[in-house]
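Only heavy atoms go into these numbers, but all of them, side chains included; no hydrogens, no water, no symmetry mates.
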Amino acid sequence: MLNTLRNNPLLLTDSYNLSHARLKCNMDWEVSHLYNRKEGMILYGFRETVTELLSIQITEAHVVEAERCAAMQGLAFPSELFRRVVSECNGYAPIAVESVPEGTWCPAGTPFAQVYNTVEGFGELVTWWEGMFMHAYFPSGCATEAFHMRRYLEAKQAEHGADDGFLWRIHSFGFRGHRGLEDAYWAGTAWNLSLQGTDDFHTTHHTPQAVIGSIAALAHKVTQQYDDELACFMHAIDSTADAGEKIVALVIDTYDANRVIELYLPELGRRARQRGVRIVMRPDSGDVLEQAIAIYRVAQANDLLDAVGVIIGEGMNFEQVKRYDARLEAEGVPLAFVAYGVGSGFYNHIDRDTYGWAMKTAYSNGKDRMKFAMAAIKRSIPGRVRLVRVEGELTAIAHEGEETNGEEVYETIYKHDGTGKPHMMVAGAAFWNEVRDRIRVQNPQQQAIKLSAAIERKIAALAEQYL
Ligand SMILES: O=P(O)(O)OC[C@H]1O[C@H](OP(=O)(O)OP(=O)(O)O)[C@H](O)[C@@H]1O
């Protein structure tokens with residue numbers, strides 16, 4: 001059940017891994033890389049995913065349960081391997097996990113994490129939790145989407161000479177569309193890394209230093225209580241002023257949005273101004289963009305632009321934001337007049353393929369190894385690497401024998417040498433602040449990872465041997 005999801009870390013793997021200890025011819029030492037093969041991205045959520053999992057101490061009871069579960073599938077569990085983790089390694093996986101600091105822009109093809117075993121004979125543990133590590137594609141995808149949205153807002157803000165209020169134009173309506181709370185946690189905290197307006201209330205708990213906010217807003221369930229819709233809107237303005245708040249959103253499509261725009265808006269705008277409140281009209285069905293433009297025209301004609309705005313929250317995603325903005329610009333509607341509520345359009349298109357996540361072996365059975373595949377995008381990098389930044393560009397170089405004065409990029413987020421407790425870099429609110437600050441200074445210009453001459457030579461030699 002849900003409250004036992006992490007009870008036994010040995011079960012958090014694909015069933016085929018149960019056979020690999022026996023199918024392999026050597027488990028002495030292994031190195032694997034995790035890549036975003038398709039497109040550049042911001043890494044986020046990997047450290048927490050890894051350390052939450054690997055901080056669980058493996059016990060004999062875990063092994064016994066895993067044996068029983070394997071039998072249910074007609075498989076044998078590699079008990080000896082894990083009994084050695086319990087008896088020789090104090091129950092912690094003897095591996096190391098290195099990754100780029102979260103919040104870093106990773107060009108396509110970056111081995112953004114590298115995993116290797118630290119005690120001989122435990123090579124199979126390097127990839128045991130591959131599936132779990134992969135789950136960080138979702139927070140990373142969300143952080144990347146939010147990063148691009150922030151950059152778009154900043155570019156438009158500069159183009160229009162707008163003040164910082166412009167950065168609140170995109171607001172998260174995403175909470176209700178999630179498949180579960182873990183997704184809501186990742187998407188919500190990723191949103192807060194780059195964006196400010198959000199109705200994901202629970203994220204206040206996880207990102208206490210975030211610059212985020214929301215506003216009072218009508219829902220249909222509120223307007224439906226009133227026999228007179230106009231009276232509801234008037235009450236919303238008055239009660240917002242009485243509460244000492246300055247802004248309230250009015251959903252306008254409970255009955256007839258056109259009636260609200262044409263008949264009620266002038267009176268509402270005047271009351272709002274009188275009470276020191278700004279009303280944000282929320283079209284929510286029909287041609288919401290046309291309604292937004294009509295609201296602007298009515299507000300302009302009645303000299304109410306200081307007291308009225310719009311938020312569109314129906315069917316939004318980043319692409320729709322850009323399309324709507326282009327139309328508003330063509331219509332002469334200032335972009336600051338219209339905000340957007342982006343719901344599941346923020347994250348629904350993000351899957352493991354969006355940025356091309358995969359984990360591939362780089363060293364095993366005593367040699368550098370490489371996957372060539374039938375498609376260039378699926379090629380991996382042979383050998384353990386170091387990631388360095390050379391003249392601003394992220395570059396993979398061979399771990400041994402390559403001189404560099406580039407800045408080293410990997411940090412070791414988990415390492416256990418077999419005795420005592422593992423070294424771990426914790427994730428948490430302070431770490432989230434660091435990630436947010438790092439994202440602010442990322443430049444997404446580098447499209448693809450650079451490989452050093454030594455790595456290119458290894459690839460050429462392996463091609464000679466295997467192709
Ligand atoms: O972008 P989304 O993930 O769809 O979320 C945003 C939508 O959610 C709410 O309405 P809801 O869909 O609950 O009801 P409605 O269809 O009656 O507007 C809100 O009024 C937005 O329209």
Note to self: Between Lys360 and Glu130, does any side-chain N to carboxylate O distance fall below 4.0 Å?
What the structure shows: no

Margin query: One pair to check against ring pair (Phe, Tyr, Trp, His ring centres under 6.0 Å): His171 and Tyr340. What are the steps and the verdict?
Written below: CA-CA 6 Å; His171 191 103; Tyr340 302 107; over 10 Å; no

Notebook entry, point to check: Does a salt bridge link Asp353 with Lys38, judged by any charged N lying under 4.0 Å from a carboxylate O?
Noted result: no

Checklist line | CA sep, side-chain torsions, deciding dist, call: Phe318, His148, ring pair (Phe, Tyr, Trp, His ring centres under 6.0 Å) | finding: CA-CA 9 Å; Phe318 186 25; His148 288 310; 7.3 Å; no

Margin query: Between Ile295 and Phe337, does the side-chain contact (heavy atoms from CB on, under 4.5 Å) criterion hold? Intermediate values first, please.
Written below: CA-CA 10 Å; Ile295 291 164; Phe337 186 77; 4.0 Å; yes

Item checked: Derivation and outcome, ring pair (Phe, Tyr, Trp, His ring centres under 6.0 Å), residues Phe173 and Phe346 -> CA-CA 9 Å; Phe173 283 3; Phe346 173 50; over 10 Å; no

Next item on the list: Hey, can you tell me if Tyr226 and His235 have their rings parallel, tilted or perpendicular (30° and 60° cut-offs)?
Entry: tilted

Checklist line | Closest heavy-atom pair and its distance - Ser344, Gly177 | finding: CB-CA, 4.5 Å

Note to self: I'd like to know if the side chain of Gln291 reaches the main chain of Ser285, judged simply by a donor and an acceptor atom lying under 3.5 Å from each other, with no hydrogens or angles considered.
What the structure shows: yes

Notebook entry, point to check: Angle class for the Phe46/Trp357 ring planes (parallel below 30°, perpendicular above 60°, tilted otherwise)?
Noted result: perpendicular

Check: Looking only at heavy atoms, what is the nearest atom pair of Phe431 and Val426, with distance?
Finding: CB-O, 3.9 Å

Notebook entry, point to check: Are the side chain of Glu411 and the backbone of Ile413 linked by a donor-acceptor contact shorter than 3.5 Å?
Noted result: no

Check: Are Gln57 and His62 close enough that a side-chain donor and a side-chain acceptor fall under 3.5 Å?
Finding: no

Margin query: Can you tell whether the side chains of Arg282 and Asp253 come within less than 4.0 Å, N to carboxylate O?
Written below: no

Notebook entry, point to check: Do we get Arg169 above Phe166's six-membered ring, with its NZ or CZ under 6.0 Å from the centre and within 45° of the axis?
Noted result: yes

Notebook entry, point to check: Just by distance, with hydrogens left out, do Glu65 and Asn7 show a side-chain donor and acceptor under 3.5 Å apart?
Noted result: no

Note to self: Is any side-chain heavy atom of Ile381 closer than 4.5 Å to one of Tyr35?
What the structure shows: yes

Next item on the list: Would you check if there is a donor-acceptor pair between the side chains of Asn433 and Gln209 at a distance under 3.5 Å?
Entry: no

Notebook entry, point to check: Pick from Glu98, His33, Glu30: which one makes a side-chain contact (heavy atoms from CB on, under 4.5 Å) with Tyr116?
Noted result: Glu98

Next item on the list: Before giving the answer on ring pair (Phe, Tyr, Trp, His ring centres under 6.0 Å), spell out for Tyr347 and His178 the whole-Å C-alpha distance, their side-chain angles and the decisive distance to 0.1 Å.
Entry: CA-CA 9 Å; Tyr347 49 77; His178 285 294; 3.9 Å; yes

Margin query: Quick check against the 3.5 Å criterion: does Asp256 have a side-chain atom that pairs as donor or acceptor with the backbone of Arg259?
Written below: yes

Margin query: Between Glu393 and Arg389 (side chain of the first, backbone of the second, donor and acceptor by atom type, cut-off under 3.5 Å), is there such a pair?
Written below: no

Checklist line | Student check: side-chain heavy atoms of Asp351 and Phe138 closer than 4.5 Å | finding: no

Checklist line | Donor + acceptor pair across side chains of Tyr255, Gln224 (<3.5 Å) | finding: no

Checklist line | Note: Glu182-Arg6 ion pair, threshold 4.0 Å (strictly below) | finding: yes

Note to self: Looking at Gly165, is its backbone amide N or carbonyl O close enough to the side chain of Asp163 to form a donor-acceptor pair, meaning the two atoms are under 3.5 Å apart?
What the structure shows: yes

Checklist line | Cation over ring face, Arg386 and Tyr410, 6.0 Å, 45° | finding: no

Item checked: Side-chain heavy atoms of Tyr414 within contact of His423, under 4.5 Å -> no

Item checked: Electrostatic pair Glu329-Lys156, nearest N-O below 4.0 angstrom -> yes

Next item on the list: Indicate yes or no for a side-chain donor-acceptor contact from Thr207 to the backbone of Thr203 under 3.5 Å, with no hydrogens or angles considered.
Entry: yes

Check: Where the side chain of Asn8 meets the backbone of Leu10, is there a donor-acceptor pair that is under 3.5 Å apart?
Finding: yes

Notebook entry, point to check: How about Val342 and Ser172: do any of their side-chain heavy atoms sit closer than 4.5 Å?
Noted result: no

Check: Below 4.0 angstrom, N of the basic side chain to O of the carboxylate: do Arg270 and Glu267 qualify?
Finding: no

Notebook entry, point to check: Does the pair Gln157 and Asp164 meet the rule for a side chain to side chain donor-acceptor pair (under 3.5 Å), with working shown?
Noted result: CA-CA 8 Å; Gln157 180 193 14; Asp164 282 349; 2.7 Å; yes

Next item on the list: In sequence, state the C-alpha distance, the side-chain angles, and the governing distance for Thr104 and Gln442, and then conclude on side-chain contact (heavy atoms from CB on, under 4.5 Å).
Entry: CA-CA 7 Å; Thr104 299; Gln442 295 305 298; 4.0 Å; yes

Check: When rounded to the nearest 0.5 angstrom, what distance separates OG1 in Thr395 from CG in Leu387?
Finding: 8.5 Å

Note to self: I'd like to know if Arg278 pairs up with Asp306 as an ion pair, taking the criterion as any Lys NZ or Arg NE/NH1/NH2 lying under 4.0 Å from an Asp or Glu carboxylate oxygen.
What the structure shows: no

Notebook entry, point to check: Within a strict 4.5 Å, meaning less than it, do heavy atoms of the Leu53 and Trp129 side chains meet?
Noted result: yes

Check: Around atom CG of Leu75, are there more than 12 heavy atoms of other residues, nucleotides or ligands at under 6.0 Å?
Finding: yes

Item checked: Flag side-chain contact, heavy atom, 4.5 Å: Trp432 against Asn192 -> yes

Next item on the list: State whether Arg47 and Glu102 are salt-bridged, where the test is any N-O pair (Lys NZ or Arg NE/NH1/NH2 against Asp/Glu carboxylate O) under 4.0 Å.
Entry: no

Margin query: Whether the side chain of Asn17 engages the backbone of Thr13 through a donor-acceptor N/O pair (distance < 3.5 Å, no angle test) should be reported.
Written below: no

Check: Is Met424 close to Ser55 at the side-chain level, that is, under 4.5 Å between some pair of heavy atoms?
Finding: yes

Next item on the list: Return yes if a side-chain donor-acceptor contact under 3.5 Å exists between Thr223 and Glu229, otherwise no.
Entry: no

Check: Hey, is Arg327 close enough to Glu331 for a salt bridge, meaning N to O under 4.0 Å?
Finding: yes

Note to self: Under 3.5 Å, is there a donor on one side chain and an acceptor on the other for Tyr44 and Thr189?
What the structure shows: yes

Note to self: Check Glu154 with Arg151, please: is the shortest side-chain N to carboxylate O separation under 4.0 Å?
What the structure shows: no

Check: Please walk me through it: do Thr412 and Met425 pass side-chain contact (heavy atoms from CB on, under 4.5 Å)?
Finding: CA-CA 8 Å; Thr412 301; Met425 292 178 81; 5.8 Å; no

Notebook entry, point to check: So do Thr144 and Tyr355 actually touch side chain to side chain, heavy atoms under 4.5 Å?
Noted result: yes

Next item on the list: Compute the ring centroids of Trp128 and Phe133, then answer whether they are less than 6.0 Å apart.
Entry: no

Note to self: Please evaluate residues Gln445 and Trp105 with respect to the criterion side-chain contact (heavy atoms from CB on, under 4.5 Å), reporting the C-alpha separation (whole Å), side-chain torsions for both, the decisive distance (0.1 Å), and the verdict.
What the structure shows: CA-CA 9 Å; Gln445 214 168 6; Trp105 174 257; over 6 Å; no

